[in-house]
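Just so it is clear: chains get the letters A, B, ... in the order the sequence lines come, proteins before strands, and each one is counted from 1. Nothing here was measured: the structure is a model prediction, and the numbers come from that model.
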Amino acid sequence: MAIWILAFHLYHYAMMQIRIAKENARLQLAAKEAQLNNLSAQLNPHFFFNSLNSIKALVASDPEGARRAIDLLSELLRNSLYQQNNMLIPFNEEMALVNDYLELEKIRFEERLCYQIDVDKEQENWPVPPLSIQSLVENAIKHGIAKSINGGLVKIEVKEMESFLRITMQNPGVLKDEEVAGGIGLPNLQSRLRLQYGDKASLTLTQLPGEIVSTVLNIPAAP
Amino acid sequence: MKKIRVILIDDERLAREEIRRMLDAYPDLEIIAETANAEDAVELIEKHHPDLLLLDIQMPGKSGFDLLEMLQQVPEVIFITAYDQYAVKAFEADALDYVVKPVRAERFSKVIEKVRNKLSRTPSPQQQLFVKDGNKCYFIRLGEIYLIESMENYARLYFRDTTTYLKRSLNQLEMEVDQAMFFRINRSQIINTNFIKHIEQAENGRLDITLHDGKLLQVSERQSVKFKANNRLKTKFN
């Protein structure tokens, strides 16, 4: 009898060990994925070099502008270097970064870049993945403004829908077929959204008439 | 002293301002024009024939590479860009140099040194072409080309140990190249006479030309007569 009881407990102990090992492996994998993700969610290095080059010119021709640009760049750099480990940040923090980013790019592109941001006050604390909206804006600048001689308007509108936050962006540009299908330029954001929200979040790019690209990002309230 | 004449091409005004300021330290270089895009640049280059282009690669509309391809005659080129990924490409293209923005003063002074050296060694800079072939780019000095073949709307250029295609007709190219160096041997081929290994008389007074690499080419009857006349070969071959 005692042997039976011992055998029973040994068996369950062993099963428990296997379960724990499995769980650990799964958690480790998830942690690794998150890490990988965080690593790639960075500001584009070209952006920093181009900004520094603009600032170098401004130091002589417009010292006040140069001082402002350094403040903006510092803020973005701080964000990029220290905010890596947060899976989610409040919406208003993300928008502060987007604003700084746009102001700096405006210094570089001058009259070629115009932007307009329309946000309801209430979504301030809505949790969003860091650099999510920023990636959209960066993409708009890269494909819509930098590639166009006359530039154009980047328009961002944020609205709270029933269970998610909807970020709509419009910018000049022509989508290539593969961009509509696979979101080239934004694959990193796509995979981060999938990891974070499963299929509850969505990101779609659409070609509108008049060479305008519309991007819609839906972020649910909770993962 | 004759100044080195520069055209500056960058889509960002501040970037141009910055290069201008750096060039202030080098009075022997003079910016004769600047522009924000490739289309305007082509016009300015064909009009002013500068010695040197300071050229951004990534620009709206046409890129720096596209611009060079549009030129009949390509001056010396320094690429100035914030994009590292183009480095390899630019070097394959034998650009005189390649620098990343922001450009350090020390680095810039080396660039200027290279420019001065290059332009003083060849007082009348050799004519060169720029060709983009897939991922490869070439600066080809005309003297390096030994054979040009017509391929429908393209011309196939044989140079060094490779070939590439240029979207230009043989007739067009015949007008552009140095007539003393190049000779149209038939309807579809132009050769660089410096690369002729030997010439043989064939039937009907036609000539067969062997190039340095052993390639045997047939000169048309009409062009054989012209070739002989040009080179006073009449007595030797008749």
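The shortest non-hydrogen separation linking B/Ala82 to A/Phe49 is CB-CB, 4.4 Å. Summarising the geometry of A/Ser148 relative to B/Pro60, their closest heavy-atom pair is C-CB, 3.3 Å, with the distance given to 0.1 Å.
Counting heavy atoms of neighbouring residues, nucleotides and ligands inside a 6.0 Å radius, atom OH of A/Tyr197 exceeds 12 of them. More than 12 heavy atoms of other residues, nucleotides or ligands sit less than 6.0 Å from atom CZ of B/Arg116. Residue B/Gln72 qualifies as enclosed at atom CD: its count of foreign heavy atoms under 6.0 Å is above 12. Around the CG atom of A/Asp199, the shell of radius 6.0 Å holds no more than 12 heavy atoms that belong to other residues, nucleotides or ligands. For NZ of A/Lys106, the number of neighbouring non-hydrogen atoms (other residues, nucleotides, ligands) closer than 6.0 Å is greater than 12. Within 6.0 Å of NZ in B/Lys215 there are more than 12 heavy atoms belonging to other residues, nucleotides or ligands. By the 6.0 Å contact criterion, CD on B/Glu43 is open, its count of non-hydrogen atoms from other residues, nucleotides or ligands being 12 or less.
The closest donor-acceptor contact from the side chain of A/Lys56 to the backbone of B/Val103 lies under 3.5 Å.
Listed by sequence position, B/Asp11, B/Glu12, B/Arg13, B/Leu14, B/Ala15, B/Glu17, B/Glu18, B/Arg21 are the residues of residues 7-21 of chain B in contact with chain A, using a 4.5 angstrom heavy-atom cutoff. Using a 4.5 Å heavy-atom cut-off against chain B, the contacting residues of residues 107-114 of chain A are A/Ile107, A/Arg108, A/Glu110, A/Arg112.
With chain B as partner, the option from A/Ile55, A/Leu58, A/Ile149 having the largest number of non-hydrogen pairs under 4.5 angstrom is A/Ile149.
If you take CD1 on B/Ile80 and CG on A/Asn53, they are separated by 9.0 Å, rounding to the nearest 0.5 Å. The structure places CG of A/Leu52 at 12.5 Å from NZ of B/Lys101, a figure rounded to the nearest 0.5 Å.
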